[in-house]
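Here the structure comes first, spelled out in structure tokens, and everything after it is commentary.
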Amino acid sequence: MTQLPPEVVRIAEDIKEMRIRGAGRIARAGAEALKLAAQKYRGSPSPEDFRRYMERVAHYVVSTRPTAVSLPNAVSFVMKRLREAEGSFRELVATVVAAADEFIETSLRAVETIGRIGARMIKDGETILTHCHSTAAVSVLVAARKMGKEIKVYTTETRPKFQGRITYRQLAEAGVNATQIPDSAVRSVMKRVDKVVVGADTITSDGALINKVGTSQVALAAHEARVRLFVAAETYKFSPASVHGVPVLIEERPPEEVAPRKWLERNPGVKVRNPAFDVTPPEYIDAIITELGVIPPKAAAMVLRELFGYSAEAEKLVLVAVEHDEAGVYY
Ligand code: RUB
């Protein structure tokens with residue numbers, strides 16, 4: 001069996017260990033991994049062998065992290081092109097490379113468009129709260145600043161991995177007046193907040209949002225204070241498999257990310273849970289800002305039908321991710 005190129009293994013490890021993180025970046029890295037796998041393939045030049053090898057790579061890449069549907073969507077985008085293509089081995093390699101490049105470019109453009117659309121929804125002088133680090137949400141906030149709007153942003157720390165520090169740094173570098181708060185301070189600052197903007201790992205056909213753990217508490221506090229909550233999400237964050245009732249697996253990460261190893265050793269048998277994501281029901285979401293425009297969460301099913309139709313490949317890939325970690329919790 002042809003070995004997977006080290007570059008592909010490295011990308012997969014970087015996704016697993018969260019050196020590459022955030023649903024959009026994970027998706028682009030997945031597409032890049034397929035492209036590299038095709039370019040570095042040194043097995044037999046028979047189209048059938050190459051196709052089989054690429055199916056194996058796709059399975060491997062999708063198995064890295066289970067929750068963000070952007071990853072199987074990116075892989076499906078590329079693999080669909082390969083499955084539909086005919087021609088020599090060289091032509092098939094070129095098909096994979098072109099599809100991966102197209103996904104990456106389209107994805108980056110979508111983030112930019114969301115920034116432009118979302119920024120128009122923010123008024124000069126408003127205070128915004130965001131959670132974790134979302135490239136799409138940061139794009140909205142930075143675009144608002146570029147439009148000359150003087151905004152103030154609260155960024156949560158986002159324990160246990162502190163992705164909020166990335167958000168803070170990116171906003172500060174863009175000249176946005178940002179303030180870091182502990183996650184537990186969300187409710188106490190909410191009375192000074194005008195809008196919440198967060199990103200998405202997955203949006204289901206009923207308009208529920210799966211995003212960094214804590215998002216649903218932010219939404220609850222916003223709902224109580226009558227603060228509107230917006231989700232910045234490219235359409236490849238919508239789950240085609242959810243149309244068919246396939247559940248979203250909430251990733252559980254190692255306890256060492258939550259509690260220091262020494263403390264765990266000193267307290268043998270201690271129970272620690274570390275769910276990486278949670279589910280915010282559509283009732284707590286005012287609108288989803290996509291590259292196609294702003295939609296109510298209840299329109300998610302329509303977007304899915306429009307974009308994917310029936311996508312059996314995507315369903316298969318999501319199932320692969322589910323098989324990968326059976327200890328997790330399903331939405
Ligand atoms: C990141 C996270 C982000 C979404 C959207 O979780 O929950 O809000 O992935 O990000 P993690 P983006 O750090 O565990 O990957 O807008 O960049 O796609």
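For ligands, and for the atoms within them, numbers begin at 1 and follow the listed sequence.
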So is [X] polar-close to ligand 1, meaning N/O to N/O under 3.5 Å?
X: G22; answer: yes
X: A136; answer: yes
X: E234; answer: no
X: N211; answer: yes
X: I26; answer: no
X: F277; answer: no

Between [Y] and [X], is the closest basic N to carboxylate O distance under 4.0 Å?
X: E234; Y: K237; answer: yes
X: R19; Y: E13; answer: no
X: K80; Y: E84; answer: yes
X: R109; Y: E291; answer: no
X: D101; Y: K35; answer: yes
X: E126; Y: K152; answer: no

Does [X] come within less than 4.0 angstrom of ligand 1, counting non-hydrogen atoms of the residue?
X: M18; answer: yes
X: A276; answer: no
X: A68; answer: no
X: E251; answer: no

Top protein contact for atom 16 (O) of ligand 1, by heavy-atom distance: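 Protein heavy atom at minimum distance: S134 OG, 2.7 Å.
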Under 4.0 Å from a heavy atom of [X]: which atoms of ligand 1 are those, numbered in the order shown and with their elements?
X: A200; result: 4 (C), 5 (C)
X: Q163; result: 11 (P), 13 (O), 14 (O)
X: K237; result: 12 (P), 16 (O), 18 (O)

Y154 and T130: side-chain donor and acceptor closer than 3.5 Å?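 Distance-only check fails for Y154 and T130.
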Decide whether T158 and Q163 meet the rule of one side-chain donor and one side-chain acceptor closer than 3.5 Å.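 On atom types as modelled, these side chains do not qualify, holding no pair under 3.5 Å.
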Flag this pair as yes if the NZ/CZ of R165 is under 6.0 angstrom from the six-membered ring centre of Y168 and inside a 45 degree cone about the axis; otherwise no.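 No; the conditions do not both hold, so R165 does not lie above the ring face of Y168.
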At under 4.0 Å between heavy atoms, which part of H131 makes contact with ligand 1: side chain, backbone, both or neither?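 Within the 4.0 Å criterion, H131 makes no contact with ligand 1.
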Would you call the rings of F50 and F89 parallel, tilted or perpendicular if under 30° counts as parallel and over 60° as perpendicular?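 The rings of F50 and F89 stand perpendicular, inter-plane angle above 60°.
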